[in-house]
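Just so it is clear: chains get the letters A, B, ... in the order the sequence lines come, proteins before strands, and each one is counted from 1.
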Number of protein chains: 2
Amino acid sequence: MKRVSPPNDLPAKNPECSPGDHGPSAVELRAQIDEHSCRLAAGIFRALGDPARMQLLTLLARQELCVSEIASALQDSLPAVSQRLKLLRSERIVTQRREGKHIYYALADQHIAELIANGIAHASEHFRDRRADASQPHAAGSPL
Amino acid sequence: MKRVSPPNDLPAKNPECSPGDHGPSAVELRAQIDEHSCRLAAGIFRALGDPARMQLLTLLARQELCVSEIASALQDSLPAVSQRLKLLRSERIVTQRREGKHIYYALADQHIAELIANGIAHASEHFRDRRADASQPHAAGSPL
DNA sequence: TCATCACTTAATAAGTTATGCAATTGATTT
DNA sequence: AAATCAATTGCATAACTTATTAAGTGATGA
């Protein structure tokens, strides 16, 4: 990217409302954000932010499974599933456990399980009035 | 070589891995995933999966703010902030409210607020002990 | 009306991420 | 040791995201 810096750079140029004329000041607000936590949390959320990975995780939410079982259940290739698991592992969302030829994966902890459950729950809640996207071979049963 | 400790009440089965000859069958597993919910949930998570957007959201988690206040607090340009808000709006994560010249944004609902809080909490938790974690046995009392 | 403020949208360039196939590693069986 | 099975890795190409500047809305007030 080219980022041509003007002679004297103006970091937060202030074209807007004068400070303090309404609401809390930028300084007050800045004190409230923890950049590091945000970055870590965003990493986790980004890893959860893909339909294929979410499907994989809803499987693991119920039981530990090996890679082939997952690939078979999702009707996808072994390398594709393996890549997803690698990404999830890098964010500490799933854990690995070898047993002979098989490598079993499970959700890393209860916290993650709840995060996923809440995401699904929220999505299901908004399911009724979401965007018209009607072509859905829909499995009956629980929202998950 | 049998499964030493089945994490759930999985039926102990033949460890060989021909399609569907151990563990739950692909058909059984497929019945457990709701593709539509996964897609919606993934959309929300993806929107949360960016550090800049998470910072923005942690601000909104505390108070309703107008675009300029956010831009000023994050020391970022108005267009950049506006684009992020547009994306978050498209996933129904934030809501808009005009008041004169200003447009105020807030988190869409309590559910979202909890999702964000949990993500940050989880991130902070792992921040404390960030060593290569060993096998923490996954109790898997299915919350889903 | 015209000017200005607060914000949004457009355009496009730069970077990032996903996908599919082939090759590879690691563990077990023969 | 060789063969086989389970899973991972590497790499090239395609698809998607994000940043940045400039132009465009809509509300307010002179």
*May I have the step-by-step check of side chain to side chain contact (heavy atoms under 4.5 Å, CB included) for A:L88 and A:R53, ending in yes or no?*
CA-CA 8 Å; A:L88 293 170; A:R53 291 194 292 266; 4.1 Å; yes
*Which is true for B:Q96 with a 4.0 Å heavy-atom rule: it touches a base, it touches only sugar-phosphate, or it touches nothing?*
sugar-phosphate
*So what does B:I103 hit on the nucleic acid, given a heavy-atom distance under 4.0 Å: a base, only sugar-phosphate, or nothing?*
sugar-phosphate
Could you list all N or O pairs between the protein and nucleotides 22-26 of chain D that sit under 3.5 Å apart?
none

Roughly, in whole Å, what's the span from [atom1] in [X] to [atom2] in [N]?
X	N	atom1	atom2	result
A:D50	D:dT17	CG	C1'	14 Å
A:L65	D:dA6	CG	P	15 Å
B:L88	D:dT18	CG	P	10 Å
B:D76	C:dT8	CG	P	14 Å
B:R97	D:dA27	CZ	C1'	15 Å
B:L56	D:dT18	CG	C1'	15 Å
B:K86	D:dA19	NZ	C1'	15 Å
A:H102	C:dA27	NE2	C1'	11 Å

Between [options], which nucleotide gets closest to the side-chain atoms of [X]?
X	options	answer
A:L78	C:dT9, C:dT17, D:dT8	D:dT8
B:Q83	D:dA19, D:dT8, D:dT20	D:dT20
A:S82	C:dT9, D:dT9, D:dT17	D:dT9

*asked:* Taking side chain to side chain contact (heavy atoms under 4.5 Å, CB included) as the definition, give me every residue that meets it alongside A:A71, ordered by chain and number, with sequence neighbours left out.
replied: A:L78, A:V81
So, OP1 or OP2 of [N]: does either fall under 4.0 Å of a side-chain N or O from [X]?
X	N	value
B:R46	D:dC16	no
A:Y105	D:dA6	no
A:R84	C:dA18	no

Residues which pass salt bridge (Lys or Arg N to Asp or Glu O under 4.0 Å) with [X], listed by chain and number, not counting sequence neighbours:
X	value
A:R84	A:D76
A:E91	A:R46
B:R97	B:E64, B:E99

*For B:R89 and for A:A80, locate the closest nucleotide of DNA chain C by heavy-atom distance; then report the residue assigned to the nucleotide nearer the 5' terminus.*
B:R89
_Residue met sooner reading DNA chain C from 5', once B:L85 and A:G100 are mapped to nucleotides_ = B:L85
*B:Y105: partners by ring pair (Phe, Tyr, Trp, His ring centres under 6.0 Å), with sequence neighbours left out*: none
_Single-linkage hydrophobic cluster A:L87~A:L85, side-chain heavy atoms < 4.5 angstrom_ = no
*Could you tell me the separation between the CG atom of A:L59 and the CG atom of A:L65, rounded to the nearest 0.5 Å?*
6.0 Å
